[in-house]
Amino acid sequence: MASDTTHRATLREQLQASEKRFRLLVESVRDYAIFMLDPEGRIVSWNLGAERIKGYRADEIVGEHFSRFYPPEDVAAGKPARGLEVAEREGRVEDEGWRVRKDGSRFWANVVITALRDAGGRLVGFAKVTRDLTERKRAEEDRLRLAREQAARAEAEAAVRARDEFLSIAAHELKTPLTPLQLQVQLLVHSLRKGELTTLPPERLGAMLESAERQSKRFASLIEKLLDLSRIAAGPRSRPPPHPEEVAGS
Amino acid sequence: LTPHAGQGVLVVEDDPDIQQVLRFALEMAGYPVTTADNGVEALRQLKAATPPCLILLDLMMPVMDGWQFRAAQQQDPALAAIPVVVISADGRTPQKAVSIGAAGYLTKPVDFDRLVEVVQRYC
């Protein structure tokens, strides 16, 4: 009998020691907010991680409803209650979103809510584990912003390259009629200065003047095309205003 | 300007108006002129007749362009020595002239005095 009592006392001591170790473990974790809610969502336990992440001491927060960790818009949308409903129905629910610290600042949280049931299956509350992922979120946002900026820069550079290429082609096209035009005029001036203009064979003079006329028309048409292109590129808003006569006539 | 007997200038240019005015200008300066619309025609003429003192070569042409013509010309020992002056509207004409081993270059639009000056060096 004596040994049985001793044995039971030893078991109780072992159990207490185990509980103490477990509580110490949970309470000491700094990187995770680990706390318990009663079935209605009121906070019943608190750890060091929760204090560090959310800013409340245990004596300030135990007994309060956990919805105070959510931004007002999420509370208005019924998010905290829905989280508990899902956890109760499915056993657990995981969520990522903005949460509010005691000082009102927001942090990006990964939250897991697990329903806790006794041996009879009765809901006794919820375990809530929250991680602060703000840094990771910021890094991700920075990376996305950087990628967007790089894409925008690449696009701008491509536009500049396309413009330069276009200008180079346009310049080449414009020089094509200008080459014969300039040379024809120079030849005529040269002949005139040497007193040879009248001795030029008429068919040659005719061919030069006809070609000069053709080139100036070609030049004018190229300029028109260039203007059309710039109007197309600028879009429909840049359509010139109607001529006063058109307005008057309508 | 005095007439130049014998060897003339070969103008290789696909634009008929540029071809015509270069012919007029060179003839006015006293040089006999033959013309070709592309590299293939130019090679045919070079093989058939007395070689010219100078080839004025456009680069962008259909059928056979200036680069292809120049490569073929350099491979033919009978034609390789004929000097070539590139004539182009391209902004990188000087570099392109160097890259094909041309004797010189003229940029479009071509100035009459400069044209005569360049041709005089070789003819």
Side-chain angles (χ1 to χ4, degrees), chain A residues 157 159-226 229, chain B residues 1-3 9 11-33 35 37-38 54 56-62 65-67 85-97 105-120:
Chain A
E157 283 166 359
V160 168
R161 270 197 305 279
R163 186 204 62 190
D164 289 350
E165 196 181 330
F166 174 78
L167 286 176
S168 157
I169 292 167
H172 189 276
E173 287 296 312
L174 287 172
K175 279 178 188 174
T176 302
L178 199 57
T179 298
L181 193 58
Q182 182 179 309
L183 209 44
Q184 274 140 5
V185 173
Q186 285 178 347
L187 291 188
L188 293 174
V189 170
H190 181 79
S191 303
L192 182 68
R193 285 200 183 132
K194 292 198 71 181
E196 289 171 358
L197 197 58
T198 49
T199 60
L200 270 180
E203 69 278 5
R204 181 157 288 202
L205 187 61
M208 281 167 74
L209 291 174
E210 276 162 22
S211 169
E213 191 186 10
R214 208 157 46 238
Q215 301 319 318
S216 31
K217 281 181 179 160
R218 210 164 141 191
F219 203 79
S221 140
L222 279 171
I223 289 172
E224 268 315 306
K225 278 184 195 155
L226 268 180
L229 275 179
Chain B
L1 293 161
T2 50
V9 179
V11 174
V12 192
E13 165 70 60
D14 63 317
D15 186 296
D17 284 300
I18 298 177
Q19 199 187 83
Q20 177 188 269
V21 76
L22 285 173
R23 168 194 284 282
F24 289 175
L26 291 167
E27 284 179 356
M28 201 176 277
Y31 298 97
V33 176
T35 57
D37 292 343
N38 58 63
L54 177 68
L56 282 184
L57 181 68
D58 185 21
L59 289 176
M60 305 235 279
M61 289 179 295
D65 66 24
W67 290 275
V85 166
V86 168
I87 176 163
S88 169
D90 193 289
R92 294 174 51 80
T93 302
Q95 292 92 322
K96 285 182 177 171
Y105 67 90
L106 285 164
T107 49
K108 292 176 183 172
V110 182
D111 184 76
F112 179 62
D113 292 333
R114 169 113 176 94
L115 173 70
V116 174
E117 182 194 311
V118 167
V119 174
Q120 267 173 350

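Residue numbers start from 1 in every chain, and the chains themselves are labelled A, B, ... in the order their sequence lines are given, proteins ahead of strands. Keep in mind the model is a prediction, meaning the values are calculated, not measured.
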Residue pair [X] / [Y], side-chain heavy-atom distance below 4.5 Å:
X        : Y        : answer
A:His172 : B:Lys108 : no
A:Pro180 : B:Gln20  : no
A:Thr179 : B:Asp17  : no

Given the options A:Leu200, A:Leu174, A:Leu183, which has more heavy-atom pairs under 4.5 Å with chain B than any of the others? A:Leu183

Under a 4.5 Å cutoff for heavy-atom pairs, which residue among A:Arg218, A:Met208, A:Arg204 has the most contacts with chain B? A:Arg204

Is the number of heavy atoms from other residues, nucleotides or ligands under 6.0 Å of B:Phe24 CZ greater than 12? yes

Take a 6.0 Å sphere around CD of A:Glu165 and say whether it holds more than 12 heavy atoms from other residues, nucleotides or ligands. no

Quick check for you: to the nearest 0.5 Å, what is the distance between B:Leu115 atom CG and A:Leu187 atom CG? 9.0 Å

Relative to chain B, which segment of [X] carries a heavy atom at a distance below 4.5 Å: side chain, backbone, both, or neither?
X        : value
A:Ser211 : both
A:Gln184 : both
A:Ala207 : both
A:Glu173 : neither

Heavy-atom pairs under 4.5 Å with chain A, option from B:Leu22, B:Asp111, B:Asp15 with the top count: B:Asp111

Can a donor-acceptor pair be found, under 3.5 Å and without considering hydrogens, that links the side chain of A:Lys175 to the backbone of B:Pro109? no

Honestly, the part of B:Gln19 sitting under 4.5 Å from a heavy atom of chain A is neither

